[in-house]
Amino acid sequence: EITSLSDYRTRYAQYRLDKDFQKVHQMHPFITIWDDHEVANNVYKAGAQNHQPEDGDFMTRKEVAKQAYFEWLPVRDNATKDIYRTVKFGNNVDLIMLDERLAGRTYPVDSVSQSECQAADRTMLGAEQLAWFKNELTTSDATWKVIGNQVIFSPCDISDLGFGSPVNLDAWDGYPYERNQISQFLANEKI
């Protein structure tokens with residue numbers, strides 16, 4: 001398990017030594033976004049499923065993981081270290097990249113309890129990013145607005161896969177209140 005800045009830097013260096021990985025980056029441009037594993041498994045704004053007290057302070061771990069990410073990946077650095085952003089491709093496409101892991105995600109639930117899942121305070125994006133996202137959608141004059149994200153947005157029945165849950169609570173199925181807000185916003189604004 002990696003927890004220090006040195007650990008994260010070493011892991012990125014290990015990945016970057018892979019010849020196939022080097023070749024794909026030589027041949028194709030990347031617009032990257034982090035997932036939870038850039039810090040720890042099932043990370044959320046204030047913790048992670050596999051972060052234990054003996055691993056040290058979680059917020060320090062999250063900050064050094066973000067630092068290593070910005071050191072190793074071709075992402076424009078910024079003062080806030082937020083990674084949600086819009087990449088414009090002329091007048092045709094606005095690629096709106098979301099951060100569904102570190103910026104605003106609340107603790108992921110581990111059961112399908114309707115009352116727990118449907119709670120209004122459960123959020124994947126957080127209030128600040130959600131407001132930014134809505135603004136990007138409504139102010140964009142691009143022909144196409146493409147949303148880049150880490151997890152499946154649509155409701156998804158995985159009951160036949162044998163995971164013990166009919167839905168993936170780690171994705172938007174675990175945050176239906178906010179997902180419904182976004183869907184309603186898209187419909188109301190005719191986006």
Side-chain angles (χ1 to χ4, degrees), residues 1-16 21-22 24-25 28-51 55-90 93-108 122-140 142 144-154 168 170-172 174-175 178-179 181-182 185-186 191:
E1 186 161 350
I2 57 178
T3 58
S4 70
L5 179 57
S6 175
D7 292 341
Y8 287 106
R9 285 174 170 163
T10 300
R11 182 64 54 88
Y12 278 107
Q14 178 186 18
Y15 289 146
R16 296 294 179 183
F21 196 61
Q22 291 173 1
V24 75
H25 274 277
H28 304 284
F30 277 64
I31 298 172
T32 62
I33 194 79
W34 50 50
D35 195 26
D36 57 342
H37 299 107
E38 265 76 32
V39 178
N41 188 48
N42 286 345
V43 74
Y44 52 97
K45 186 175 181 175
Q49 171 263 328
N50 72 326
H51 182 83
D55 295 331
D57 177 65
F58 174 75
M59 296 311 282
T60 300
R61 181 181 186 178
K62 185 166 98 168
E63 288 309 309
V64 299
K66 287 169 71 173
Q67 179 179 337
Y69 185 92
F70 279 107
E71 289 174 358
W72 279 95
L73 290 168
V75 176
R76 287 185 180 95
D77 197 357
N78 59 59
T80 63
K81 300 281 191 228
D82 289 325
I83 199 162
Y84 55 90
R85 65 210 185 273
T86 298
V87 180
K88 296 183 176 294
F89 295 88
V93 175
D94 278 354
L95 174 60
I96 304 168
M97 300 297 289
L98 299 177
D99 177 355
E100 298 169 343
R101 295 303 190 192
L102 303 183
R105 184 167 108 129
T106 53
Y107 183 82
R122 294 199 38 69
T123 178
M124 182 74 84
L125 301 180
E128 183 179 314
Q129 184 180 187
L130 180 59
W132 170 87
F133 179 42
K134 288 177 176 179
N135 183 63
E136 291 297 294
L137 289 167
T138 56
T139 61
S140 169
W144 295 94
K145 295 150 194 68
V146 179
I147 301 167
N149 64 323
Q150 299 93 331
V151 296
I152 297 171
F153 184 80
S154 300
N168 180 359
D170 192 38
W172 279 95
Y175 302 85
E178 189 176 52
R179 177 179 58 198
Q181 274 189 304
I182 293 168
F185 177 80
L186 293 170
I191 296 173

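These numbers come from a predicted model, not from an experiment.
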Looking only at heavy atoms, what is the nearest atom pair of [X] and [Y], with distance?
X: K145; Y: L137; result: CE-O, 3.6 Å
X: L125; Y: E100; result: CD2-CG, 3.9 Å
X: T32; Y: M97; result: O-CE, 4.3 Å
X: V93; Y: A142; result: C-CB, 3.9 Å

What residues, two or more places apart in sequence or in another chain, satisfy salt bridge (Lys or Arg N to Asp or Glu O under 4.0 Å) together with [X]?
X: R122; answer: none
X: D7; answer: none
X: D35; answer: R101
X: R9; answer: E71

Can you name the ring-ring contact (aromatic ring centres under 6.0 Å, His included) partners of [X], sequence neighbours left out?
X: F58; result: H51
X: H25; result: F21, F30
X: Y69; result: W34

Hey, what do you get for [atom1] ([X]) to [atom2] ([Y]), rounding to the nearest 0.5 Å?
X: L102; Y: I33; atom1: CG; atom2: CD1; value: 9.0 Å
X: D57; Y: T3; atom1: CG; atom2: OG1; value: 11.5 Å
X: D82; Y: W132; atom1: CG; atom2: CH2; value: 9.5 Å
X: F185; Y: F133; atom1: CZ; atom2: CZ; value: 8.5 Å
X: K134; Y: L186; atom1: NZ; atom2: CG; value: 9.5 Å

Does the side chain of [X] reach to within under 4.5 Å of the side chain of [Y], using non-hydrogen atoms?
X: R105; Y: D170; value: yes
X: L130; Y: I182; value: yes
X: E128; Y: Y84; value: yes
X: P108; Y: Y175; value: yes

Exactly one of Q67, K66, R61 clears side-chain hydrogen bond (donor to acceptor under 3.5 Å, both in side chains) with Y8, and that residue is R61
Set of side chain to side chain donor-acceptor pair (under 3.5 Å) partners for [X], sequence neighbours left out:
X: S6; value: none
X: R179; value: D173
X: T86; value: E136
X: N42; value: none

For the side chain of Q150 and the backbone of D99, is there at least one donor-acceptor N/O pair under 3.5 Å apart?
no
Keeping Q129 on the side-chain end and A103 on the backbone end, is there a donor-acceptor pair under 3.5 Å?
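Checked: no pair found.
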When you look at N149 and M124, which way does the side chain to side chain contact (heavy atoms under 4.5 Å, CB included) test go after all the steps?
CA-CA 11 Å; N149 64 323; M124 182 74 84; over 6 Å; no
Identify all side-chain donor-acceptor contacts of residues 43-50 below 3.5 Å with residues at least two apart in sequence or on another chain.
residue, atom, partner, partner atom, Å
Q49, OE1, N41, ND2, 2.5
N50, OD1, N41, N, 2.9

Between N168 and I152, does the side chain to side chain contact (heavy atoms under 4.5 Å, CB included) criterion hold? Intermediate values first, please.
CA-CA 9 Å; N168 180 359; I152 297 171; 6.0 Å; no
Going by the side-chain contact (heavy atoms from CB on, under 4.5 Å) test, name the single residue among L98, I31, L95 that passes it with R85.
I31
